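Shown next, in structure tokens, is the structure this report addresses.
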Amino acid sequence: MSKNLVIVESPAKAKTIGGFLGKNFLVKSCMGHVVDLSKKDLGVDIEKGFIPNYIISPEKKKIVSELKKLAKDSEIIWLASDEDREGEAIAWHLIEALELHSAQTKRIAFHEITKPAILEAIEKPREIDKNLVDAQQARRVLDRLVGFELSPLLWRKIKPSLSAGRVQSVAVRLIAEREEEIKNFQSISSFRIVGEFIVKNGKKVSIVKAELNRRFSKKEEAIRFLEKCKSAEYTVKNVETKPSKKTPASPFTTSTLQQEASRKLSFSVANTMRIAQELYESGKITYMRTDSVNLSEMALALAKKEITGSYGPEYVKTRKYQTKTKGAQEAHEAIRPTYLNNKIIEGDRSQKRLYELIWKRTIASQMADAELEKTIVTIGISDNNEEFQAKGEIIKFDGFLKVYMESIDEDDSEGKEGILPPLTSGDHMEVDKITAQEKFSQQPIRFTEAMLVKKLEELGIGRPSTYAPIISTIQKRGYVVKEDRPGFTRNYTLVTLRNQKITEELLSENIGYEKAKLFPTDIGNLVNGFLVQHFANILDYNFTATVEEEFDEIAEGKLIWNKMISDFYFPFHKQIEGTLENTKKVSGEKLLGVDPQTGENIFVKIGRYGPMVQLGNTDSEQKPKFAGLKKGQSIDTITLDQALDLFKLPRKLGEYDASEVIVSIGRFGPYIFYKSKFFSLPKEEDPLSVTLERTIEIIVEKQNLENQKILKEFQDNGELIQVLNGRYGTYLSYKKQNYKIPKGTDPRLLSLEECRTIISTTQPSKSKTKKKK
DNA sequence: CAGTGAGCGAGCTTCCGCTTGACTT
């Protein structure tokens with residue numbers, strides 16, 4: 001029996017620390033928060049001064065009772081949750097939930113998981129910081145009040161099951177507004193002039209590209225310029241070289257890791273976090289949910305050793321980074337390899353790639369600057385005030401670039417600066433050709449998941465542990481979709497002067513192709529518009545920053561937490577009530593036109609189940625007809641013809657095997673209805689144009705799959721036992737319960753006797769699909 | 001999952017942050 005019980009948040013951490021502390025210490029984890037506000041109601045007693053109603057989270061009951069038992073048998077309980085707002089609250093909740101006495105309880109904290117740091121922490125226990133706990137309570141209660149008062153308002157005014165909150169609603173706003181900017185964006189074109197000069201240097205011939213120091217807005221001006229160039233002479237006017245340097249990026253935080261893994265490896269945010277978690281649990285990297293760029297002294301020393309050994313001492317530069325992020329709490333280190341001498345690791349391909357990225361970033365952050373030399377060559381044109389500029393860049397010393405270079409989101413198709421041949425002032429330049437190419441101004445860039453995380457972090461909204469869940473929430477609620485969208489073709493003019501002749505071509509380029517970008521849906525736009533109109537204060541990009549300042553004041557003991565909440569809540573609640581009374585239900589209804597057949601109005605709007613078209617007025621005597629929009633259609637862009645097409649559903653395609661085949665769109669997308677069964681239509685098929693032949697193929701294919709589903713069947717006292725082949729492998733079905741088949745047994749060879757054993761010895765799998773009535 | 005949409009009305013939905021498994025048919 002250990003005399004000491006240490007409680008940390010994560011089991012992987014518990015394992016490591018357990019090794020440092022020896023036999024007298026038992027280290028256990030509580031898996032994060034163990035209590036939360038009651039979910040059944042608001043969970044806050046407003047009248048009594050916003051008293052939170054905490055209950056032990058259902059999934060933590062087992063852990064709490066286990067810890068409680070261990071605590072009873074221990075002399076001292078060391079609460080070692082993270083040293084930030086949430087961690088302090090976890091420690092306090094543990095005291096309450098485990099019913100610990102103050103005499104036997106000590107609060108400790110450490111920022112790095114090394115033996116000396118932990119031993120030092122044990123030497124310096126402290127009390128719970130109640131002010132910090134209060135700051136957390138304020139944060140928690142504010143989020144609950146905002147979320148649980150705004151969401152029901154949306155149910156009443158827009159449609160059921162919608163949600164709103166301090167964080168998610170701002171995330172949706174960012175995406176909706178970006179889309180609006182893109183919609184309103186007017187692309188301006190101008191003509192970019194590039195001269196290509198031939199430079200002979202002994203036997204070596206090279207081409208130097210130089211850009212004119214101005215652009216022309218009209219083609220005529222560009223041609224006039226080229227005309228003048230026909231008879232011109234070109235001379236080097238000036239050669240300017242100046243040194244410059246590049247500095248490595250700071251070590252990874254959650255947010256920057258997500259961004260780089262997205263840019264360099266095309267990982268989704270959720271994927272990056274899943275793989276990072278695997279690396280963390282196998283002890284290969286430090287904790288992956290952090291906002292700190294700090295590296296431990298031990299890591300700095302290891303990095304220095306590794307760089308010296310692999311690249312030489314001139315590549316070493318020990319750097320300590322400062323966190324600039326708003327509201328950072330820095331309870332952990334930056335994300336880095338646990339052992340910097342391991343350049344590669346065992347693991348699957350994704351793990352290896354992510355690890356390599358983390359290794360390179362960490363090592364590079366401790367390396368010397370890259371030293372560059374930039375050259376600008378100015379080329380004058382006789383009888384002309386304009387001049388050409390050629391830019392070159394050479395690397396004098398690669399420094400950290402030997403290992404790693406951070407990527408950027410903007411496309412950098414142009415401006416790659418290479419090496420220039422030696423040129424001196426006064427050199428005569430021989431021109432090969434001069435082009436005037438029409439260039440269009442760039443529309444704003446749509447958000448990828450990782451770019452959204454970056455923006456949220458800049459605004460101080462969300463935490464490392466929530467970036468991935470935020471993205472999944474706003475997609476689950478249907479506010480946002482992540483999609484690839486095809487681009488379009490745009491024509492541009494290219495005018496070329498060569499051998500005294502000017503030619504003009506009309507060329508085309510493909511632009512605007514989007515890969516894995518976030519787009520607002522109709523519902524996202526409608527909800528966002530409603531919230532921005534009526535709750536501009538909550539949707540304000542600075543709302544979080546403002547309340548965070550107040551949380552800080554609470555943490556410093558300068559402000560009472562429920563006073564702060566009270567000051568916020570009452571005006572906010574009035575706003576809710578006012579909106580409830582004074583606004584009508586919103587549906588985004590728009591009159592699209594008139595049905596040529598019946599003369600009835602056609603509307604588009606958001607219905608109970610999403611965007612739909614409506615034929616006929618709601619208040620007319622005849623019941624209006626409804627039809628859902630197809631995937632990819634929007635109430636914003638749908639045309640009258642497309643709307644009319646939707647009313648052609650359900651379509652009777654004909655008969656197969658003496659039964660009717662019908663195609664339509666339902667709650668879960670397009671489907672085929674045949675012999676009272678549903679077959680979903682693959683997404684590449686259009687329900688409006690799919691043929692009878694194709695639907696029969698789909699039906700037959702599905703039926704074949706069904707037939708293969710049953711591997712074996714037995715009758716057992718009149719009850720059916722089936723060995724089935726499902727989406728997640730083979731399983732047993734008996735009396736509507738499913739049973740796992742033990743690993744290592746061939747399901748095809750199972751006998752009735754063996755099936756009986758499995759049923760009697762294994763727990764049936766819980767079905768999550770069970771819905772309460 | 002299950003293939004609707006007004007009207008009737010009961011009963012449901014919802015927040016953010018901290019942490020991992022269990023387990024889907």
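Fair warning: this is a prediction, and the values are worked out from it, not measured in the lab. All chains are named by letter (A, B, ...) in the order of the sequence lines, taking the proteins before the strands, and each is independently numbered beginning at 1.
- Taking only side-chain nitrogens and oxygens, A:Arg274 never comes nearer than 4.0 Å to OP1 or OP2 of B:dT20.
- Atom NE2 of A:His93 is separated from atom P of B:dC18 by 13 Å (rounded to the nearest Å).
- For a distance-only test at 3.5 Å, the side chain of A:Arg463 fails to qualify as a donor-acceptor partner of the base of B:dC18.
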Can you give me the dot-bracket string for DNA chain B, 5' to 3', counting Watson-Crick and G-U wobble pairs with both distances under 3.5 Å, using [ ] for crossing pairs and | for partners on another strand?
.........................
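- For the OP1/OP2 pair of B:dA6 and a distance below 4.0 Å, the side-chain nitrogens and oxygens of A:Thr618 include no atom meeting the criterion.
- Lacking a ring centre under 5.5 Å from that of the base six-membered ring together with a plane angle below 30°, A:Trp155 does not count as stacked on B:dT14.
- With hydrogens and angles left out, the side chain of A:Arg139 and the base of B:dC16 share a donor-acceptor pair within 3.5 Å.
- A pairwise comparison of heavy atoms in A:Val44 and A:Phe50 identifies CG1-CA, 3.6 Å as the closest pair.
- We find that CG of A:Asp36 is positioned 9 Å from C1' of B:dC15, with the value rounded to whole Å.
- Rounded to whole Å, the distance from NZ on A:Lys677 to P on B:dG3 is 15 Å.
- The interatomic distance linking A:Arg144 (CZ) with B:dT14 (C1') rounds to 9 Å, in whole Å.
- The residue A:Thr466 sits close to a base: some heavy atom pair falls under 4.0 Å.
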Please list each protein N or O that sits under 3.5 Å from an N or O in nucleotides 8-10 of chain B, with the distance.
none

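- A:Phe679 comes within 4.0 angstrom of nothing in the nucleic acid, heavy atoms only.
- Residues A:Gln575 and A:Asn537 bring a donor and an acceptor atom of their side chains to less than 3.5 Å of each other.
- Summarising the geometry, the separation between CD1 on A:Ile461 and P on B:dC15 is reported as 16 Å, rounded to the nearest angstrom.
- In this structure A:Glu149 satisfies the salt bridge (charged side-chain N to carboxylate O under 4.0 Å, His left out) test with no other residue, sequence neighbours excluded.
- Among the heavy atoms of the strands lying under 4.0 Å from A:Gln168 are primed sugar atoms or P, OP1, OP2 only; no base atom is included.
- Listed nucleotides: B:dG21, B:dC18, B:dG5. Nearest to the side chain of A:Phe626: B:dG5.
- Aromatic stacking is not marked for A:Phe148 over B:dC15, as the cut-offs of 5.5 Å for the centres and 30° for the planes do not both hold.
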